[in-house]
Amino acid sequence: MLNTIWPIFIILAFVYGIFSGRVEQINTSIFDSTASAVELSITFLGTICLWNGIMEIASHTSLINKLTRCLKPIMKLVFPEIEVRSNVYQEISMNIIANMLGLGNAATPLGLKAMKSLQKENSQKDTLSNPMAMFIVLNTASLQIIPTTVIAIRTSLHSGNPTGIIFPVWISTLVALTAGIISSKIAMRYF
């Protein structure tokens, strides 16, 4: 659907620009926006490389095990069907930790790996299991302590206070996560 909508918008914008005599402004905006896109991509690339490297190093140290132990009481409540000593438990924990640090790009491969492991344990391969559904909810409404992506965007746009959004992000992600977990637990009782 988006493959149809976006080209229509682009074509309409060009047609409107031509008929309104703003071809020069269209040209200027195309080159300005491509320069901004490249600058933003380079900023993201540096941030992604830094945090992916940190997560890779952390995965080979005892830090992840310590953080996983800190998450254990919450994980037992959220995922009662998963054994604490299983590989899936560690994969889910690493994904949650990456999301908490605002590393959505590092969390994605970890989440895919955890979902594959959850699918292996799923007895009905064509239906989501309760742990799989809860994992999707946790990924969608993840609690973020350090919203690195948003901070990187605000920094690239020369914000006066790029970290000024941290407290509102804490509140909004905590509310979203709590609502998601509660509604999922209620839905799991009936479905």
Side-chain angles (χ1 to χ4, degrees), residues 1-61 63-64 67 71 91-117 132 135-181:
M1 177 127 184
L2 287 177
N3 290 339
T4 306
I5 293 172
W6 281 113
I8 290 172
F9 281 154
I10 292 169
I11 291 168
L12 287 174
F14 274 113
V15 170
Y16 177 77
I18 290 169
F19 285 118
S20 65
R22 297 182 178 180
V23 177
E24 185 65 34
Q25 289 175 339
I26 291 173
N27 248 357
T28 304
S29 67
I30 289 172
F31 289 113
D32 288 346
S33 62
T34 54
S36 296
V38 169
E39 183 180 321
L40 186 61
S41 297
I42 291 171
T43 302
F44 273 147
L45 181 65
T47 305
I48 291 168
C49 290
L50 171 71
W51 286 105
N52 282 345
I54 289 171
M55 283 303 290
E56 183 64 27
I57 291 168
S59 70
H60 297 294
T61 65
L63 177 64
I64 294 297
L67 291 172
L71 287 176
E91 290 170 355
I92 291 173
S93 296
M94 284 187 65
N95 176 268
I96 290 171
I97 292 165
N99 274 324
M100 286 173 66
L101 295 174
L103 310 175
N105 295 319
T108 300
L110 297 169
L112 292 172
K113 193 174 182 182
M115 193 59 88
K116 282 181 185 177
S117 299
M132 292 171 82
F135 184 61
I136 291 170
V137 168
L138 286 179
N139 263 317
T140 305
S142 65
L143 177 66
Q144 289 201 2
I145 296 171
I146 306 168
T148 54
T149 304
V150 177
I151 291 171
I153 291 171
R154 289 173 56 96
T155 301
S156 72
L157 296 174
H158 311 293
S159 170
N161 185 9
T163 58
I165 46 96
I166 290 179
F167 189 66
V169 165
W170 289 351
I171 293 170
S172 62
T173 58
L174 184 61
V175 169
L177 182 64
T178 305
I181 290 172

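What's counted below: heavy atoms across the whole structure, side chains too, no hydrogens, waters or symmetry copies. Just so it is clear, the structure is predicted and the values come from calculations on it, not from any experiment.
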For [X], give me all partners under side chain to side chain contact (heavy atoms under 4.5 Å, CB included), at least two apart in sequence or on another chain.
{"X": "Ile30", "answer": "Phe14, Ile26"}
{"X": "Ile136", "answer": "Met115, Leu128, Thr140"}
{"X": "Thr28", "answer": "Glu24, Asp32"}
{"X": "Ala107", "answer": "Asn95, Ala98, Asn99"}

Review point. What do the steps show when you test Leu112 against Thr108 for side-chain contact (heavy atoms from CB on, under 4.5 Å), and what is the final call?
Key: CA-CA 6 Å; Leu112 292 172; Thr108 300; 4.3 Å; yes

Roughly how far, to the nearest 0.5 Å, is the [atom2] atom of [Y] from the [atom1] atom of [X]?
{"X": "Ile181", "Y": "Leu138", "atom1": "CD1", "atom2": "CG", "result": "5.0 Å"}
{"X": "Asn139", "Y": "Ile96", "atom1": "CG", "atom2": "CD1", "result": "8.0 Å"}
{"X": "Leu157", "Y": "Ile153", "atom1": "CG", "atom2": "CD1", "result": "7.5 Å"}

Study note, to complete from the structure: In short, Ala114 meets Phe135 closest at the heavy-atom pair CB-CZ, 3.8 Å

Can I get a per-line list of side-chain donor-acceptor pairs under 3.5 Å for residues 161-179, giving both atom names and the distance, sequence neighbours left out?
from   : atom 1 : to     : atom 2 : distance (Å)
Asn161 : OD1    : Thr163 : OG1    : 3.4
Asn161 : OD1    : Gly164 : N      : 3.4
Trp170 : NE1    : Ile145 : O      : 2.7
Ser172 : OG     : Pro168 : O      : 3.0
Ser172 : OG     : Val169 : O      : 3.2
Thr173 : OG1    : Gln144 : N      : 3.4
Thr173 : OG1    : Val169 : O      : 2.7
Thr173 : OG1    : Trp170 : O      : 3.4
Thr178 : OG1    : Leu174 : O      : 2.8

**Study point:** Counterpart residues, side-chain hydrogen bond (donor to acceptor under 3.5 Å, both in side chains), relative to Ser117 (two or more places apart)
**Key:** Glu91

